Amino acid sequence: MDVAGTVGELRLALTDARSSGRTVGFVPTMGALHVGHRSLIESARRASDVVVVSIFVNPTQFGPGEDFGAYPRQVEADLGVCRELGVDVVFLPSVDEVYPDGWGTVVGVPELSGVLCGASRAGHFDGVATVVARLFGLVRSDLAFFGEKDFQQLRIIERMSRDLALGVRIVRCETVRESGGLAVSSRNSYLSESERKRAASLYRAMRSAVDAIRRGERDSSVLVERMRAEISSAGDCDSECDVEYVSIVDSDTLRSLETVTENARICVAARVGGVRLIDNVAVDDAVATR
Ligand code: PAF
């Protein structure tokens with residue numbers, strides 16, 4: 001496995017792959033690799049000849065007061081995971097390598113960035129789109145793998161790649177969940193055991209809503225109220241849980257829907273014991289079974 005710290009080293013590591021026309025699959029990460037990342041890397045491994053993983057905690061996607069400084073960093077363990085999963089190249093750049101002197105570009109998808117998480121995290125998605133565009137430009141992979149857990153991020157990257165004709169196919173990968181249903185995330189490491197149980201109420205509430213949709217409920221405001229109530233009253237422990245949003249949106253435009261359609265997605269964000277968590281589920285099969 002090659003570990004490239006600079007753009008030059010990355011290019012060198014990918015020269016053979018490029019000249020021999022092998023398929024390159026790319027998994028961008030911020031490290032602290034967990035089973036969710038493992039499944040992205042495994043998907044990339046199955047679909048590509050050469051697998052590249054980047055590990056870069058991107059400062060431009062953290063707002064003031066967010067956890068950039070505290071974000072879990074465990075490079076040696078991450079390299080071990082990459083080796084175990086047969087990754088070919090790990091790109092481990094410094095901030096200066098990603099944003100060199102004179103850097104002056106911001107990439108944004110305003111139509112999809114101001115809603116849901118973007119409403120409370122100004123600039124976050126511009127930071128994500130900018131770093132992903134930069135990484136795509138450097139790695140120039142055929143495929144790139146993103147988890148559905150960060151659904152808004154996924155949609156923004158899909159739109160950006162299409163609009164800018166970046167030539168990379170975005171592969172959607174299913175959310176990986178703990179046994180209680182909690183979506184796996186690097187930030188779960190901040191949760192205590194009891195907070196983890198409390199956090200699982202996000203998924204439970206969304207599943208109850210999908211069941212209600214299956215039984216015929218289509219009014220988003222009714223479903224949203226029930227989900228809010230279920231999350232707020234989940235009594236597994238004393239940890240605080242502040243719901244930031246519960247929303248039923250169109251999966252393409254991310255606009256709020258008054259009536260649930262086949263293309264709807266339920267999205268939630270909440271703080272459990274101070275840790276901000278997000279999750280989402282599709283409702284397609286529930287609408288289709290009616
Ligand atoms: O999802 C993440 O880990 C990050 O937002 C990403 C896509 C690697 C960009 O920094």
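In this text, all values refer to a predicted model and were calculated from it rather than measured experimentally.
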N-O pairing of [X] and [Y] below 4.0 Å:
X    : Y    : value
R187 : D67  : yes
E174 : K149 : no
R45  : D88  : yes
E193 : R198 : no

If you measure from [atom1] on [X] to [atom2] on [Y], what distance do you get to the nearest 0.5 Å?
X    : Y    : atom1 : atom2 : value
I156 : D150 : CD1   : CG    : 10.5 Å
R169 : F145 : CZ    : CZ    : 7.5 Å
R134 : S54  : CZ    : OG    : 12.0 Å
E195 : N188 : CD    : CG    : 11.0 Å
L40  : C173 : CG    : SG    : 5.0 Å
D96  : T6   : CG    : OG1   : 12.5 Å

Is the number of heavy atoms from other residues, nucleotides or ligands under 6.0 Å of [X] [atom1] greater than 12?
X    : atom1 : value
E84  : CD    : yes
R18  : CZ    : yes
R255 : CZ    : no

Return the minimal non-hydrogen interatomic distance between [X] and [Y], and the atom names on each side.
X    : Y    : result
G36  : V176 : CA-CG2, 3.9 Å
S186 : G31  : OG-O, 3.9 Å
L143 : S141 : O-OG, 2.8 Å

Is there a side-chain contact between Q153 and F146 (heavy atoms, below 4.5 Å)?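 Yes, at least one pair of side-chain atoms sits under 4.5 Å.
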For the pair R265 and E148, evaluate salt bridge (Lys or Arg N to Asp or Glu O under 4.0 Å) and give the outcome as yes or no after the intermediate values. CA-CA 11 Å; R265 195 120 196 151; E148 289 189 329; 3.6 Å; yes
Report yes or no: is the cationic atom of R73 (NZ for Lys, CZ for Arg) closer than 6.0 Å to the six-membered ring centre of F68, at no more than 45° off its axis?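 Output yes; distance and angle both within limits.
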Report whether M1 and V53 are members of the same hydrophobic cluster (ILVMFWY, side-chain heavy atoms less than 4.5 Å apart, transitive linking).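 The answer is yes; both residues are in one hydrophobic cluster.
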Are L92 and V132 co-members of a hydrophobic cluster defined by side-chain heavy atoms under 4.5 Å apart?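 As far as the 4.5 Å side-chain criterion goes, L92 and V132 are not connected within one cluster.
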